Amino acid sequence: MIQFTINGKDVTGAEGATILEVARAHNIDIPTFCHHEALAPWSACRLCLVEVTENGRSRLVTSCSFQAKNGIVVVTENKTIRAIRKMIIELLLARCPNAQAVRAMADKLGVTEPRFTIENEFCILCGMCVRVCREVVGAQAITFAHRGSKKRVVSPFFKHSGDCIGCGACVFVCPTQCITMNDVQDAADQYADGAELTGYSRVMNNWRTRLPLKLCKTCGNPIAPEFQLQVLAQKVGLKPEALDVCQTCKE
Ligand code: SF4
Ligand code: SF4
């Protein structure tokens, strides 16, 4: 175990734990926008900056990625940290003024009206969708394109992603809820990309990807994207026919 202080309070954490992990375990709030416990640290949003004093020297570090050490002194909020966080959220509020999560964070940090040019984006470029797809799902179906103010999360070549399994993990982690998916009845199809349609599809709207849904062999209702079930069966060593029947019909 390691021992150090956060805001003057003695805390302990496991070897290798980050400052953020230890702070959360002790109910000490540090704001973040790009951190998820299931994902590797990314240090993109910089909201989680804290001041660390070690051997008499102080510096600002991102608490999501900085491993806590014995004897360090951590301060999660002071005048400098507040000013940096306010600038970050002001920029995000100008970019995404209608994203509820951004508005809530701006309120919390005391920012109301941004001084910068207002845009109408919803994506804060936190990268959680790209990372969950790569690190947890193992699909690598989406990525960042362009740089600077033109940076976007996209499917390869802005077209149907042949690697997307339609699992919805990216929808789940997106803090601004700007990724959407729908299960729809097939009609004129612009994204199927030659796939054999079953009558129902899952549409990943942001990724221009449409995946035919497998229908339950017993009741005929849609179960999940066929591709997702194939990948799952392969990963866990099931025969494909083991996933032919929906949960309701199995019970
Ligand atoms: S739905 Fe597609 S893009 Fe989203 S996490 Fe799953 S595989 Fe990746
Ligand atoms: S789409 Fe959502 S999860 Fe992906 S980078 Fe943008 S805000 Fe983050």
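Positions are given from 1, in the same order as the sequence printed here. Order of listing sets the numbers, starting from 1, for every ligand and every atom in it. Owing to the predicted nature of the structure, the values given are computational and were not obtained by experimental measurement.
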Partners passing salt bridge (charged side-chain N to carboxylate O under 4.0 Å, His left out) against Asp107 (at least two apart in sequence or in another chain): none

Can you list the ligand 1 atoms lying under 4.0 Å from a non-hydrogen atom of [X]?
{"X": "Cys164", "answer": "1 (S), 2 (Fe), 3 (S), 7 (S)"}
{"X": "Gly166", "answer": "1 (S), 2 (Fe)"}
{"X": "Met204", "answer": "1 (S)"}

Any salt bridge linking [X] with [Y]? Criterion: basic side-chain nitrogen under 4.0 Å from a carboxylate oxygen.
{"X": "Arg24", "Y": "Asp29", "value": "no"}
{"X": "Glu90", "Y": "Arg85", "value": "no"}
{"X": "Arg59", "Y": "Glu51", "value": "no"}

Distance-only side-chain donor-acceptor flag, [X] / [Y], under 3.5 Å:
{"X": "Ser43", "Y": "Ser65", "value": "yes"}
{"X": "Ser161", "Y": "Ser155", "value": "no"}
{"X": "Thr5", "Y": "Asp10", "value": "no"}

Looking at [atom], what's its closest protein heavy atom, distance included?
{"atom": "atom 7 (S) of ligand 1", "result": "Ile165 N, 3.3 Å"}
{"atom": "atom 8 (Fe) of ligand 1", "result": "Cys133 SG, 2.4 Å"}
{"atom": "atom 6 (Fe) of ligand 1", "result": "Cys167 SG, 2.3 Å"}

Under 4.0 Å from one or more heavy atoms of Thr176, ligand 2 contributes atoms 7 (S)

Please verify the inter-ring angle class for Phe172 with His36; under 30° counts as parallel, over 60° as perpendicular, anything in between as tilted.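 Correct class here is perpendicular.
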
Leaving out waters, which are not shown anyway, how many protein N, O or S atoms lie closer than 2.8 Å to atom 4 (Fe) of ligand 2? 1

With hydrophobic residues grouped by side-chain heavy-atom distances under 4.5 Å, do Val171 and Trp207 end up in a single group?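 Yes; tracing contacts between hydrophobic side chains, which count when under 4.5 Å, links both residues.
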
